Amino acid sequence: MAGHPMEGFRVHACVDWIEVLVRLPAPSQFRHVRARAPAHWGKVFVQAVEGNATSRQFNLRIQNPGPPTRVLRELQSLSPNDMPIHDHDVQVTGLEVAVDFIPETEEQRAHLAHVAAYLHEHMAKPPSGPHRLLFSYRLPVSGETTGEVTGAGGRAAIVSALSAGRSLVIGEEDAPDSARFYRKDYDTRPGQSYAPLPPAQHCARMERTLTGKACPITTLASWRAFRFEPLAAMFALVLPTRDTTSLTATMRDAWGPALGTPDDPNKRQRHRRQAAPATRRDTVLNARIRQALRDLTDRATRAESAEIRGIGGLENAVSHS
């Protein structure tokens, strides 16, 4: 694939899911809460916090969420006896933001696995932890998700695995900060977690999953005021410099080791260089990523304003990919 792998691709950012902790006005059972969830949420993840028999607090993961005011309105359906749920009853505990590279030609579409591998290899500040290849699939009888995990090593093996439908994950399992790279040819829709997408909607995607202390928003109010473009540093890419030694260049061509290094708070506080040797920031592509995140902020702001004015049904631009 000649030239920059991202040349000619459109860059688009979206919110893949939001995770919230909701305190109900009265105790309820897991099965009742899940049954009351809006139909368009699909088979939403619900977890009782205080016990499976009955609980007032529930964790929920909402795919492709609308703006905060709409999410609060939709959460009302979970409450027993139609008692109100207020802003202060909702805590945001997790957020997954995705940046997509959307091909414009058939040739680009044929190389999406290479693009996903490139994004992994060139991420400037990846999370700490191992690099793992994950293959998830739905069990035919129960419908539950299971998967296989293997170590990630070697560019050819990574591209082959991504072509076969695996995703490449950086970070410990259940870590508060993790990254994921894959060829996106499916989507989560109501009642179907792995709905195939038409070829025109295929893309290469990199995601950053932030939970717990790593989550940049904690309340609906902070979500309403949140700007996504500061997350650009988490999606930034680097390039090898021209003074890379021939041995290093050969190794990279063959094995494709990640060029970036995880953030080091000690070095950051002392204003010391953290970038890996023989690398430089990809300023052109990073500017496009920041603009995509800025566009996400603008869409989110417009969608929230429309929801407050009572015309939220006109736009759900926060997350749709």
Side-chain angles (χ1 to χ4, degrees), residues 13-97 174-177 208-231 234 293 296-320:
C14 65
V15 175
D16 194 34
W17 54 255
I18 195 95
E19 196 167 83
V20 296
L21 173 64
V22 181
R23 181 177 176 84
L24 302 182
S28 187
Q29 295 182 17
F30 162 84
R31 60 190 180 93
H32 294 317
V33 170
R34 191 165 196 174
R36 288 193 295 264
H40 69 268
W41 284 4
K43 194 174 181 180
V44 63
F45 169 83
V46 181
Q47 180 186 52
V49 175
E50 298 158 349
N52 292 328
T54 182
S55 178
R56 289 189 66 177
Q57 297 187 83
F58 290 85
N59 287 313
L60 298 99
R61 180 175 294 178
I62 305 170
Q63 294 282 154
N64 302 322
T69 294
R70 182 185 306 169
V71 169
L72 179 62
R73 172 169 54 81
E74 293 172 341
L75 286 172
Q76 304 302 321
S77 65
L78 307 180
S79 178
N81 302 320
D82 296 323
M83 292 182 286
I85 296 174
H86 303 285
D87 265 43
H88 61 262
D89 297 318
V90 182
Q91 178 185 350
V92 180
T93 58
L95 171 73
E96 185 169 89
V97 177
D174 298 324
D177 180 12
R208 202 75 183 233
T209 304
L210 306 169
T211 60
K213 293 182 179 180
C215 185
I217 53 180
T218 57
T219 65
L220 293 180
S222 62
W223 182 9
R224 292 185 182 99
F226 186 67
R227 299 196 65 85
F228 290 91
E229 51 269 32
L231 297 181
M234 290 187 164
L293 291 164
L296 174 57
T297 296
D298 293 342
R299 298 197 309 274
T301 301
R302 291 197 304 271
E304 175 66 9
S305 297
E307 188 66 35
I308 292 173
R309 295 197 306 271
I311 56 174
L314 297 178
E315 183 176 14
N316 183 11
V318 178
S319 59
H320 185 64

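On a predicted model such as this, the values are computed, not experimentally measured, just so you know.
- In terms of heavy atoms, Ser55 sits closest to Val49 at OG-N, 3.6 Å.
- A 4.5 Å side-chain heavy-atom check between Met234 and Leu210 finds at least one atom pair inside the cut-off.
- Closest approach of Leu293 to Ala13, counting heavy atoms only: CD2-CB, 3.8 Å.
- Not a single side-chain hydrogen bond (donor to acceptor under 3.5 Å, both in side chains) links Thr93 to another residue, sequence neighbours left out.
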For Val90 and Leu21: C-alpha separation, side-chain torsions, deciding distance, then whether side-chain contact (heavy atoms from CB on, under 4.5 Å) applies. CA-CA 6 Å; Val90 182; Leu21 173 64; over 6 Å; no

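- Residues Asp89 and Pro84 share a closest heavy-atom pair of OD2-O, 4.5 Å.
- How far NE2 of His86 is from CG of Leu72: 9.0 Å, rounded to the nearest 0.5 Å.
- Interatomic distance, Asp16 CG to Asn64 CG, rounded to the nearest 0.5 Å: 6.0 Å.
- For Ala175, the side chain to side chain contact (heavy atoms under 4.5 Å, CB included) partners two or more places apart in sequence, or in a different chain, are Glu172.
- Minimum heavy-atom separation, Gly94 to Trp17: C-CZ3, 3.8 Å.
- Listed by chain and number, the residues in a salt bridge (Lys or Arg N to Asp or Glu O under 4.0 Å) with Arg34 amount to none (sequence neighbours excluded).
- By the ring-ring contact (aromatic ring centres under 6.0 Å, His included) test, Phe226 is found to be paired with Phe228, residues two or more places apart in sequence or in another chain being considered.
- For the salt bridge (Lys or Arg N to Asp or Glu O under 4.0 Å) test, residues two or more places apart in sequence or in another chain that qualify with Arg227 are Glu229.
- Residue pairs meeting the salt bridge (Lys or Arg N to Asp or Glu O under 4.0 Å) criterion with at least one member in residues 44-56, sequence neighbours excluded, do not occur.
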Could you walk me through whether Thr297 and Thr301 pass side-chain contact (heavy atoms from CB on, under 4.5 Å), step by step? CA-CA 6 Å; Thr297 296; Thr301 301; 4.2 Å; yes

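- Inter-residue side-chain proximity for Val15 and Glu96 is flagged as unmet; no heavy-atom pair is nearer than 4.5 Å.
- Applying the salt bridge (Lys or Arg N to Asp or Glu O under 4.0 Å) rule to pairs touching residues 17-28 yields Glu19-Arg61, sequence neighbours excluded.
- When the side chain to side chain contact (heavy atoms under 4.5 Å, CB included) test is applied to Ala26, the partners found at least two apart in sequence or on another chain are Pro80, Met83.
- A donor-acceptor distance shorter than 3.5 angstrom exists from the side chain of Ser77 to the backbone of Glu74, with no hydrogens or angles considered.
- Phe30 and Phe58 get closest at one heavy-atom pair: CA-CE2, 3.8 Å.
- Remark: Arg31 CZ to Gln29 CD distance equals 4.5 Å, nearest 0.5 Å.
- For Val22, the side chain to side chain contact (heavy atoms under 4.5 Å, CB included) partners two or more places apart in sequence, or in a different chain, are Val20, Leu24, Leu60, Leu75, Ile85.
- Pairs of residues two or more places apart, or lying in two chains, that qualify as side-chain hydrogen bond (donor to acceptor under 3.5 Å, both in side chains) and include a residue from residues 210-221 are Thr219-Ser222.
- In this structure, His32 has no ring-ring contact (aromatic ring centres under 6.0 Å, His included) partners at least two apart in sequence or on a different chain.
- Within the structure, salt bridge (Lys or Arg N to Asp or Glu O under 4.0 Å) pairs that include any residue of residues 76-88 comprise Asp87-Arg224 (at least two apart or interchain).
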